[in-house]
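Numbers restart at 1 for each chain; the letters A, B, ... are given by sequence-line order, proteins then strands.
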Amino acid sequence: MRLSQSLGKTIREAPAEAETVSHQLMLRAGLIYQVAAGLYAYLPLAYRSLRKIEEIIREEMNLAGAQEVHMPALQPLDIWEKTGRDKALGETLFRVKDRRERDLVLAPTHEEVVTSLVKSNVNSYRDLPLIVYQIQTKFRDEPRPRAGLLRVREFLMKDAYSFDSDEAGLSISYDKMSQAYKNIFERTGLPTLVVEADSGAIGGKDSQEFVLQAEAGEDTVLTCESCGYAANLERASFGLNPLPAEKEKPLSEIATPGTTTIAEVANAVGVEESRILKSVFYISEGKLVFVVIRGDLEINEIKLGNTLKMPDLRIASGEEVRAADIVPGYASAVGREELFVVADESINSGVNFVVGANKDGYHLLNANFPRDFKADVMADVALAKEGYNCPNCHSTLNARKGIEVGHIFKLGSFYSDRLGATYLDEHGKEHSMIMGCYGIGVGRLLAAAVEQNHDDKGIIFPNPIAPYQVHLISLNSDNDSVAELSDSLYQMLQGHGFEVLYDDREESAGVKFNDADLLGMPVRLIVSQRNLREQAVEVKLRSEDSGRLVPIEEIVDAVGAMLKTD
RNA sequence: CGGGGUGUAGCUCAGCUUGGCAGAGCGCUGCGUUUGGGACGCAGAGGCCCCCGGUUCGAGUCCGGGCACCCCGACCA
C-alpha cells in the first residue's frame, strides 16, 4: 500500500478526549475514528490488524475441532425472557422494535440463540460433543464506555460454545478451548496471564480469564511468583496469618466511649486490629444481612453475592441498620440470635476477640465462636490484597493491573434446561446438554496489544498482527534513482510475499521517520541518496534503536530473516 | 445513576473575569527554496463559537434549560 493513497492520516497532538495510551496512539496513528461514545470505525490499517487476529483465532479454533457459524446480532426479545437474562442484563441490553412493534434486542452475546440452534439440530448423544464458534459484533449499552477500544458499546467478539453429554465431557471441551486460547495468545505475540476468575451469577464451577498485563487495565490480578497461583481480585483467596493460640476466656464488658471504627477500638482497647471482629450490614430485597469478619480484613462483595445468591445486594443505610435495632459502631452478633448472620472464615483463625456490646459506648472482650454467637452461613467472603499470603504456599501475593482479553466458563445446564436443549442417551433417556462458553474480545485485544507494545514514539506492533510487515521509506523521492529503487523494491518485496507499506509521500525525512515510529510496523527500510551511494538500503527493526546497511541485492533475504527471528 | 471537567477552524487551545470586527500554533491548498529525525518564505482556504430560550442597542462572553464528550465512582459474565 502506498501511504500517499492510504486512508487515515497521522496527527501530531493527541485529541484531548484520549487519556489512555492505546486510545491516544490509535487516534494519532489514524487507526480508528470515534463516531460516538464507545462506537468506533476501524480504518484500513487497524482493520488489517484486526483481520490478522481473526485469522489466528479461526485457525486455532478449527484446529481444536470447533465449527464456525454465524448467528444474527438482532434477536427476538422472547428468547431472552425464557432464560431471564433480559432482567439480569437490565439496561445493558440494547432493545429495539421492528415496524410491527415486535420487541427485539441487539445481542450482547449468543448463548440463547446458539442453544436454540443446537437444540433443533442435535437430538442424540451420537452428535455430541460439539463446539461451535463465530466472530460477531456484540452490543452492550455499557454504563460507561472508556479508554478508546478497551470498553466500547459495539465490539467484535469471538464466542464459542461447547455442548457435551456430561460434566466429564465438558471438562475435555473446556481444556481444549483453554489450550486453544493459550495457542492464540502465544501466536499473536501477546503474553497473557491465565487467572482463576469469578464466573458471575450464572456461571458454573470453573472459569478462567486470560489477562494481558497493562496499567490501563480494569482488572486487578493477584499472583504468587513462587507457586504460580493467579486469580482475579474478585475471586482470589489468601492464607491468613494465624493468631496466637490461647485458652478461651470469659466474656467481659469494657467501656469504649466514642470509638466506632476498628482503628479507634484497637487503639482504645490496646489490641491488634486482627483481634477485633468487624460487623458490616447489607440489604437484599428488604432483608438485613449481618456480616462478621476479622477486623483487619475487608469484605469482597462479589464473593458475598455469590455465596448468598441474593439479588440486589447492597450496603445498608444508617437508617436501615438502626431500624433493625443495631447500634452502629457497637454491633455484634452476640445475643442477636434473630439476625441472619454471615461469618467470614477468618473468625475461626483465633479466639478471644473484641466485639461490640450492642450498646452505645461499650465493647465485649473475649468473644468466641461458636460459644458466644452463631452464624447462619460460614464462607470465605474476604477481599484479598497485595502482600497477603498465597493460599497455596507460604509466599506473598503481588497485585497487577491487566486487561481481560479472553474468558472461558463452564456453564453447565443453565441454558439447555431453560431452552429445552436435550439429547437422548444410549438408553433412550433424555438429558440436558452440558455447556461451556468461551469468549475473546477481538477489538479489545488489538487495543491491548497497543497498550502493551509501545514506546514514547509510538506503536510497536508484534509481527503476527502488524497491519504490514515492512515500512518502506523513500527519503529523497524527487531523486530519480531513489524513486526508481524504491518503486522496484516495493514491487519486489510484494512479489516475495511481504506486506509492504510504502511511504512515497513528498514529506521531509523527519516526518517520515516519526510516522514510521508512530505506526509501528516491525521492519523499516530506508532508501535514500546517501544509502544509494553505498549501493545499500538501511534495514531496522521498530523494536530496536539502530539499523544496518544491507546491500540492495540482499534485501529480500535480510527482511525475511528479520521477520523470522523477531 | 452520583461526583468532577470540557464544548470556539480538521487537531491542540487562547478569547469569556469586565458584552463591542472571530484569534494563535499545528494541519490543509498553491508557488518557490529545502531534504537522514516533525524545515523555511510568500500567498490562500477553512467558523451553526454544541443547541434552544432569555437579558441587552449589541451575546462566543451574562442568565436559564437541554445535549454531547471525557475522567472518577457505582454498574458491567
Side-chain angles (χ1 to χ4, degrees), chain A residues 8-20 23-24 27-28 30 33-39 83 85 88-93 108-111 138-148 150-153 155 157 159 197-204 206-209 216 218-219 232 234-235 301-302 305-306 312-315 404 406-412 414-415 436-439 441 456-458 473-479 482 503 505-518 524-534 537-538 540 545-547 549:
Chain A
K9 65 173 182 180
T10 57
I11 51 175
R12 212 172 282 201
E13 290 164 293
E17 68 214 32
E19 217 156 271
T20 315
H23 191 194
Q24 288 183 351
L27 286 172
R28 283 191 51 210
Y33 166 76
Q34 178 169 9
V35 176
L39 301 175
T83 58
R85 288 215 302 172
L89 284 154
E91 294 191 299
T92 302
L93 192 62
T109 171
H110 281 72
E111 281 82 3
K138 312 286 184 185
F139 300 86
R140 294 182 189 176
D141 197 356
E142 294 285 348
R144 187 156 84 89
R146 58 174 292 273
L150 286 181
R151 181 168 290 275
V152 290
R153 296 191 291 174
F155 56 99
M157 179 170 168
D159 46 327
D198 174 58
S199 54
I202 293 162
D206 287 319
S207 171
Q208 287 175 311
E209 270 177 26
E218 300 172 300
D219 264 25
N232 188 309
E234 297 174 349
R235 162 73 179 255
E301 297 187 1
I302 306 259
N306 288 345
D312 307 322
L313 192 74
R314 60 171 174 82
I315 284 272
E404 176 189 352
H407 203 156
I408 61 178
F409 299 83
K410 287 186 179 174
L411 292 175
F414 181 89
Y415 297 95
C437 76
Y438 316 91
D456 55 341
K457 290 181 176 140
I473 294 177
S474 178
L475 263 201
N476 319 89
S477 39
D478 55 348
N479 175 293
V482 168
D503 192 346
R505 299 173 303 171
E506 288 178 25
E507 288 287 353
S508 70
V511 169
K512 292 190 174 189
F513 287 144
N514 281 306
D515 277 352
D517 287 340
L518 178 58
R524 185 174 85 183
L525 298 185
I526 302 167
V527 180
S528 69
Q529 268 178 296
R530 201 175 81 180
N531 296 341
L532 206 54
R533 281 197 287 273
E534 314 282 331
V537 169
E538 186 189 312
K540 179 186 163 299
D545 286 334
S546 51
L549 284 178

> Provide the distance between the two P atoms, one in B:C16 and one in B:C26, to the nearest whole Å.
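Their P atoms lie roughly 23 Å apart.
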> Given B:U12, B:C71, B:G37, which nucleotide is nearest the side-chain atoms of A:F513?
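Nearest to the side-chain atoms of A:F513, counting from C-beta on, is B:G37.
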> Report which part of the nucleic acid A:R140 touches: base, sugar-phosphate, or nothing (heavy-atom distance under 4.0 Å, all strands).
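Touches nothing.
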> What about A:R533, does its side chain sit under 3.5 Å from the base of B:G36 through a donor-acceptor pair?
no
> Which part of the nucleic acid, if any, lies within contact of A:R524, taking any heavy atom under 4.0 Å across all strands shown: a base, the sugar-phosphate backbone alone, or nothing?
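Here A:R524 touches the bases of the nucleic acid.
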> What contact category does A:E111 fall into here, base, sugar-phosphate, or nothing, at under 4.0 angstrom with non-hydrogen atoms?
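Base contact - A:E111 has a heavy atom under 4.0 Å of at least one base atom.
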> What is the pairing partner of B:G20, taking Watson-Crick or G-U wobble pairs with both distances under 3.5 Å in any strand?
B:C57
> Report yes if at least one side-chain N or O of A:S508 is closer than 4.0 Å to OP1 or OP2 of B:A39; otherwise report no.
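The answer is yes; a side-chain N or O of A:S508 sits under 4.0 Å from OP1 or OP2.
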> Does any nucleotide pair with B:C67 by Watson-Crick or G-U wobble geometry, both distances under 3.5 Å, and what is it?
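When the pairing criteria are applied, B:G7 turns out to be the nucleotide that pairs with B:C67.
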> Students often get this wrong, so: under 4.0 angstrom with heavy atoms, is A:K512 touching a base, only sugar-phosphate, or nothing?
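If one applies the 4.0 Å heavy-atom cut-off, A:K512 turns out to touch nothing in the nucleic acid.
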> With both distances under 3.5 angstrom, what nucleotide forms a Watson-Crick or G-U wobble pair with B:U29?
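Pair assignment: B:U29 / B:A43.
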> Can you find an N or O donor on one side and an acceptor on the other, under 3.5 Å apart, linking the side chain of A:E538 with the base of B:G36?
yes
> For the side chain of A:Q34, counting heavy atoms from C-beta on, which of B:C70, B:C75, B:C11 is nearest?
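Within the option list, the nearest is B:C70.
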> Look through every strand shown and name the nucleotide pairing with B:A14 as Watson-Crick or G-U wobble, where both distances are under 3.5 Å.
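The base-pairing partner of B:A14, which may sit in any strand shown, does not exist here.
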> Using atom CG of A:D515 as one end and atom C1' of B:C26 as the other, report the distance to the nearest whole Å.
14 Å
> Looking only at the side chain of A:N514 (C-beta and beyond, no hydrogens), which of the listed nucleotides B:G37, B:C69, B:C76 gets closest?
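In terms of side-chain proximity for A:N514, the closest of B:G37, B:C69, B:C76 is B:G37.
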> Under 4.0 Å between any heavy atoms, over every strand shown, what does A:I11 touch: base, sugar-phosphate, or nothing? Just pick one.
nothing
> In whole angstroms, how far is the P atom of B:C69 from the CD atom of A:E19?
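Interatomic distance, CD of A:E19 to P of B:C69: 17 Å.
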> Does A:R12 make a side-chain N or O approach to OP1 or OP2 of B:G27 shorter than 4.0 Å?
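Yes, because at least one side-chain N or O of A:R12 sits under 4.0 Å from OP1 or OP2 of B:G27.
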> What is the nucleic acid contact for A:N476, judged by heavy atoms within less than 4.0 Å: base, sugar-phosphate only, or nothing?
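Touches sugar-phosphate only.
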> Taking the minimum atom-to-atom distance to the side chain of A:R144, which one of B:A74, B:G38, B:C70 wins?
B:A74
> At 4.0 Å (heavy atoms only), tell me whether A:A18 reaches a base, stays on the sugar-phosphate, or touches nothing.
nothing
> So what does A:D517 hit on the nucleic acid, given a heavy-atom distance under 4.0 Å: a base, only sugar-phosphate, or nothing?
base
> Calculate the interatomic distance between A:N531 atom CG and B:G36 atom P; express it in whole Å.
11 Å
> Which residue is it: A:K410, A:H407, A:H110, A:E111? I am looking for the one with a side chain to side chain contact (heavy atoms under 4.5 Å, CB included) to A:C437.
A:E111
> Let's test your reading of the model: under 3.5 Å, does the base of B:C76 pair with the side chain of A:R151 as donor and acceptor?
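Under the 3.5 Å cut-off, the side chain and the base do form a donor-acceptor pair.
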> What nucleotide among B:G37, B:C76, B:C71 has an atom nearest to a side-chain atom of A:R146?
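Out of B:G37, B:C76, B:C71, the nucleotide with an atom closest to A:R146's side chain is B:C71.
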> Whether the side chain of A:S528 and the base of B:G36 hold a donor-acceptor pair under 3.5 Å is what I'd like checked.
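Check passes, donor-acceptor contact within cut-off.
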> Name the nucleic acid region contacted by A:A516, choosing base, sugar-phosphate or nothing; use a 4.0 angstrom heavy-atom cut-off, strictly under.
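Touches nothing.
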> Kindly say whether, by distance alone, the side chain of A:E507 makes a donor-acceptor pair under 3.5 Å with the base of B:G37?
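There is none.
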> Counting only side-chain heavy atoms from C-beta out, which of B:U35, B:G37, B:G36 sits nearest to A:R530?
B:G36
